[in-house]
Amino acid sequence: MFSDRYNPRETEPKWQRFWEESGTFKTRNDGPQPKYYVLEMFPYPSGRIHMGHVRNYAMGDVVARYKRATGFNVLHPMGWDAFGMPAENAAMQNNTHPATWTYQNIATMRGQLKSMGLSLDWSREIATCDPSYYRHQQKMFLDFLANGLVDRKKSKVNWDPVDMTVLANEQVIDGRGWRSGALVEQRELTQWFLKISDYSQELLDALQTLDRWPEKVRLMQQNWIGRSEGLLVRFDIAPSSKTDAREIEVYTTRPDTLFGAKFMAISADHPLAKSLAVGNPGLQAFIDECHRMGTSVATLETAEKKGYDTGVRVTHPFDPNWTLPVYVANFVLLDYGTGAIFGCPAHDQRDLDFANAYGLGNTPVVCPPDVDPATFVITDTAYDGDGRMINSRFLDGMTIADAKNEVARRLENETLDGRPRAARQVNFKLRDWGISRQRYWGCPIPIIHCEDCGSVPVPEDDLPVKLPEDVTFDRPGNPLERHPTWKHVACPQCGKPATRETDTMDTFVDSSWYFARFTDPWREDAPTTRRVADEWLPVNQYIGGIEHAILHLLYSRFFTRAMSKTGHLGIAEPFEGLFTQGMVVHETYRSPNGDWLQPSEIDMRTENGVRKAFSLATGSEISIGSVEKMSKSKRNTVDPDDIIGTYGADTARWFMLSDSPPDRDVIWSEEGVQGAARYVQQLWRLIGQLAEIAAPAGTPIENISEAAALDIRRLTHRHCARIADHIERLRFNTAIAEIRKLSNALSKILGDVQSPEQMTPQFRLACREAADALVLMFAPMMPHLAEECWERLGHSGAAAYAPWPKVDPALAREDTISIPVQVNGKKRGELVIERDADAKLLEAEALKLDDVQKLLNGQAAKKVIVVPNRIVNVVV
RNA sequence: GCGGACGUGGCGAAACUGGUAGACGCAAGGGACUUAAAAUCCCUCGGGUUUUCCCGUGCGGGUUCGAUCCCCGCCGUCCGCACCA
């Protein structure tokens, strides 16, 4: 009945069909067991899955299957992050509709994921481009609006004049649009914003509660939120200045250095700069130059500090006779602080560069410890370290912290035009989230613009605002904008002709709440069923790439709070545990003429112990290049379909998990996959042998007393405990090493059996237990093989329903252990002794060892360190 | 520039965060079985000596009975942020 060779091509589809027909992985919201929600970041339906998906979903599936086996009601759903630009680009290139392209891709990828044997509840599948999903998003947008979480304001954006759309910063490469290549302009557009900055402090504080998140991600978010404590200070404009303005307000985190001030600088976009530019062509030209410079990384890196002296002078807050020149400077940002700074060249590198360029000099006001203030001079390098105040009148001698407080205290208590001259302020780098996109393939923003009534929400009864289907992509720009009828509607308030908002939402909105929708995707009249969502959420284990460390994960954290504020949820944090997996990388191959070759075009051979690559087509030698992330450009990709077709899903999953720690990159190699495939066969043979000798399935295990049988039991229980521990900690690579140790040990035991008499009933019972346990322990990684083995072992039900093997602690514990004996820290021998032997016994036994005696050379040991169950160290 | 991580055999890695360094695997070499190949099985596999030991976790110091792990100083690789006042 069972063949000698395991054939995944037959068994994998068989068991996939079984799971599907039996509804094995359908999850009930009212299941009696404790709940566990495991989620992998849902894919963008780009066309085909790649090996990164295989890795991501294999990991999630191990967790899901393991948790199910250990008694949890597991939610493990899948969906599609289906809106986005690639669908529109494909529409333009192939003259298809984005929806057609997207749903075709979804169909393909769904089939591919199913061939992986993932234990997903497909009945909960969602696609964000489906009106049944985005209608709820529109509802929530309106709820957010009603609760003051939405803002409409002008902001600067990257505008691609050829494609006629706003581009994200990531889509601007060297100042040009990534698709059109056109020089990107900075435009002021009125945009919709979600007020994530209202939650800056909360999002920052709550990071501390996320103790199952990688430290790295928390740090990245912390830096991104960018909290700083400082002082707002109002500077008077000197009367002689040619402006109507009376004062300029600056934000500083270093009020202690106020006596080192040499200039003031304002942003080119500062209102004062704009008003001064009127009738000042030189200044206007400079402001224009600043705008052209753009904000790309490359320009910032090389940009010189440039400024333009406005002629305006301000007076020092502590000395009316001390004036400072006001420059418009290219390095001052409008949207951080107040768009104006005071420059203290001695203690800020940027200010120093600027001051040196314009001959403004510097005065050190913080003197480093152990340096004589009289000789302390700043030339090219600003000093931003600790020290004592100098050259600062009433601050002299203070620490930086005291000086900051003293300046704040004095200025806070001084009034200017009836208001305090200064105020302490906390600032954040985090900005509000601009969600408007001039794109078709996104969730329409449910707003109608009326000349009389302004921006009016679409009435709830009219939701969803569906995307029109009859659109064309033969021209750049937003098809919604030029659609003949779609945008023309009556104002819901006054009934006059009005127009729809034609911007759609950033696709990051779609992915900010999908995890909540999965808890009740059938609900029609609301985004969530709050009771159900609150029971499932937060997601217990979220798994995905590190590239989402900031945007997606921060947006989701905000969205969860916003949904709670609007009554859709009752929690703050969406993801209790986060795991960021490494990439899948592969060798690269390059022919002598510089062409990249795919792994499938390569024949690997070993000549004189050296690995060499040859082209299958031409036979010529190909140079083996560095290991890099799989990418189309380097052609070092491997297609999951090919791998699954050749080796089976179990082999692919096993190899993905076995070689590297899951948070590190894994090198995909043909040799490695073959090793995994060999192991599949090895297990199949081992289970076959065990099935022959094992006691019948279901025989109770009791009163095992024979040594050989007990050895097998101890082996089994010991490994079982370790494997569970490794999976719990997501250490899949070491879990797999333990499984291999167990199967190796069992193979050896069977191989050592000399005669049939050794196979006593007790021995057969122990084999039964070991075989069952082994299968159930590799089942999370190789579920199809496990089902087939389970059947071969004579079980009637499926392995997917079997509980995780129960560990008997008494059997798992080792009674005899070996303890190393060191002399002066170097291992000289070892004691095999009963567990928990006391220190005196260990010491006596250790000193008896020949090797120890030899080194003692008749003398007494100076000292003997004994750590029970660990080590003995004899000091001579 | 700021912040963070990492550095262990030919390769991926492990080591219960102070207690036998290199588990498990890949590659390689040798052997068995085969007419042969595949498959399978057995042995070797950090370096030097080949009977005893010595050296080895990027480099140099330190703490300790004992350091891959802790501290100080270097070198290198990778990642994130970046004119944030």
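All figures in this text were calculated on a predicted structure; none of them were measured in a lab. By convention in this document, chain letters (A, B, ...) are assigned in the order of the sequence lines, proteins followed by strands, and residues within each chain are numbered from 1.
- Checking side-chain atoms of A:His552 against main-chain N and O of A:His548 turns up no donor-acceptor pair under 3.5 Å.
- Taking the P atom of each, B:rA15 and B:rG25 are spaced 16 Å apart, rounded to whole Å.
- In this structure the side chain of A:Ile225 reaches within 4.5 angstrom of the side chain of A:Leu203, judged on heavy atoms.
- For A:Leu333, the side-chain atoms get nearest to B:rA85 when compared with the rest of B:rU20, B:rG25, B:rA85.
- Syn is the classification of B:rG9, since its glycosidic angle stays within 90° of 0.
- Note on A:Thr338: nothing from the nucleic acid sits closer than 4.0 angstrom, heavy atoms only.
- Nearest nucleotide to the A:Asn744 side chain, out of B:rC24, B:rA85, B:rG19: B:rC24.
- Under 4.0 angstrom from either OP1 or OP2 of B:rC84 there lies no side-chain N or O belonging to A:Asn223.
- A:Asp335 comes within contact range of no nucleotide atom at all, as no heavy-atom separation falls under 4.0 Å.
- Atom pair A:Gln221:CD and B:rG4:P shows a separation of 17 Å (rounding to whole Å applied).
- Within the 4.0 angstrom heavy-atom criterion, only backbone atoms of the sugar-phosphate kind lie near A:Gly675; the bases stay farther away.
- Looking at the side chain of A:Thr252, the nearest of the listed nucleotides B:rC84, B:rU40, B:rA85 is B:rA85.
- B:rG22 and B:rC11 are spaced 13 Å apart, taking the C1' atom of each and rounding to whole Å.
- If you check residues 258-266 of chain A against RNA chain B, you find no residue with a heavy atom closer than 4.0 Å.
- With A:Arg234 contributing its side chain and A:Glu247 its backbone, the two residues share no donor-acceptor pair below 3.5 Å.
- Nucleic acid contact class of A:Glu830 (heavy atoms, under 4.0 Å, all strands): base.
- For residues 260-270 of chain A, the pairs satisfying side chain to side chain donor-acceptor pair (under 3.5 Å) are A:Lys156-A:Asp269, A:Lys262-A:Thr363, A:Asp269-A:His291, with sequence neighbours left out.
- Comparing B:rC65 with B:rC75, their C1' atoms are spaced 32 Å from each other, to the whole Å.
- Side-chain N or O atoms of A:Arg835 include none that pairs as donor or acceptor with a backbone N or O of A:Asn869 at under 3.5 Å.
- Look at CD on A:Gln681: it is 13 Å from C1' on B:rA38, rounded to the nearest Å.
- Contacts classified as side chain to side chain donor-acceptor pair (under 3.5 Å) and involving residues 340-353 of chain A (residues at least two apart or in different chains) are given here: A:Asp348-A:Arg350, A:Gln349-A:Asp353.
- A:Val250 comes within contact range of no nucleotide atom at all, as no heavy-atom separation falls under 4.0 Å.
- Not counting sequence neighbours, A:Arg870 has no partner by the salt bridge (Lys or Arg N to Asp or Glu O under 4.0 Å) test.
- In this structure a side-chain-to-backbone donor-acceptor pair under 3.5 Å is present from A:Thr588 to A:Ser626.
- Distance, A:Ile550 CD1 to B:rC81 P: 6 Å, rounded to whole Å.
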**Q.** Derivation of the side chain to side chain contact (heavy atoms under 4.5 Å, CB included) call for A:Val864 and A:Val875
**A.** CA-CA 6 Å; A:Val864 179; A:Val875 185; over 6 Å; no
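- Among the atoms of the strands shown, none is found under 4.0 Å from any heavy atom of A:Arg722.
- Residue contacts shown for A:Arg350 include a base, since a base heavy atom lies under 4.0 Å away.
- Nucleotides B:rG61 and B:rA23, compared at atom C1', are 32 Å apart to the nearest Å.
- Nearer the 5' end of RNA chain B, as judged by each residue's closest nucleotide, is the contact made by A:Met220, out of A:Met220 and A:Arg431.
- Rounded to whole Å, atom P of B:rG1 lies 15 Å from atom CG of A:Asp348.
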(Q) Could you spell out the base pairing of RNA chain B as a dot-bracket line? Use Watson-Crick and G-U wobble contacts where both distances are under 3.5 Å, [ ] for crossing pairs, | for partners on a different strand. (A) (((((((..(((......[....))).(((((.......))))).(((....)))..(((((..]....))))))))))))....
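- Distance, A:Ile546 CD1 to B:rC81 P: 10 Å, rounded to whole Å.
- The A:Arg5 side chain lies nearest to B:rA39 when the options are B:rC26, B:rG80, B:rA39.
- Between A:Phe331 and A:Phe354, a ring centre-to-centre spacing shorter than 6.0 Å is recorded.
- The base of B:rC84 is not paired with the side chain of A:Arg227 by any donor and acceptor separated by under 3.5 Å.
- In this view, A:Glu845 and A:Lys848 satisfy the side chain to side chain donor-acceptor pair (under 3.5 Å) rule, not counting sequence neighbours.
- When distances run from any side-chain atom of A:Leu219 to the nucleotides B:rC83, B:rG4, B:rG80, the shortest one goes to B:rG4.
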Listed pairs, N/O of protein and of nucleotides 61-71 of chain B, under 3.5 Å:
unit_1 : atom_1 : unit_2   : atom_2 : d
B:rC65 : O2'    : A:Asn873 : ND2    : 3.1
B:rC65 : O2     : A:Asn873 : ND2    : 2.4

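- Proximity note for A:Phe331 (side chain, C-beta onward) versus B:rU20, B:rA85, B:rC83: the nearest is B:rC83.
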Could you list the donor-acceptor pairs under 3.5 angstrom formed by side chains in residues 667-685 of chain A, with sequence neighbours left out?
unit_1   : atom_1 : unit_2   : atom_2 : d
A:Ser669 : OG     : A:Gly672 : N      : 3.0
A:Glu670 : OE2    : A:Tyr647 : OH     : 2.7
A:Glu671 : OE2    : A:Arg611 : NE     : 3.2
A:Glu671 : OE2    : A:Arg611 : NH2    : 3.3
A:Tyr679 : OH     : A:Ser743 : OG     : 2.7
A:Gln681 : OE1    : A:Tyr6   : N      : 2.9
A:Gln681 : NE2    : A:Tyr6   : O      : 3.0
A:Trp684 : NE1    : A:Ser3   : O      : 2.8

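- Taking only side-chain atoms of A:Lys741, from C-beta outward, the nucleotide of B:rA23, B:rA85, B:rC83 with the closest atom is B:rA23.
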(Q) Counting primed atoms plus P, OP1 and OP2 as sugar-phosphate and everything else as base, spell out the protein contacts along nucleotides 42-57 of chain B at 4.0 Å heavy-atom distance: B, S or - for each nucleotide, 5' to 3'. (A) ------------SS--
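- Residues satisfying the side-chain contact (heavy atoms from CB on, under 4.5 Å) criterion with A:Tyr308, sequence neighbours excluded, are A:Asn280, A:Leu283, A:Phe286.
- In the set B:rU40, B:rA85, B:rA23, the nucleotide with an atom closest to the side chain of A:Ala737 is B:rA23.
- In this model, the phosphate group of B:rA85 is not approached by any side-chain N or O of A:Tyr251 to a distance below 4.0 Å at OP1 or OP2.
- Take A:Asp665 and apply the side chain to side chain donor-acceptor pair (under 3.5 Å) test, not counting sequence neighbours, and it matches no residue.
- Here the side chain of A:Arg653 pairs a donor or acceptor atom with the backbone of A:Met781 at under 3.5 angstrom.
- Taking atom C1' in both B:rC71 and B:rG9, the straight-line distance is 29 Å, to the nearest Å.
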Distances under 3.5 Å only, N/O to N/O: pair up the protein atoms with those of nucleotides 9-14 of chain B.
unit_1 : atom_1 : unit_2   : atom_2 : d
B:rG12 : O2'    : A:Asp659 : O      : 3.0
B:rG12 : O2'    : A:Ser660 : OG     : 2.9
B:rA14 : OP1    : A:Arg731 : NH2    : 3.4
B:rA14 : OP1    : A:Asn733 : ND2    : 3.3

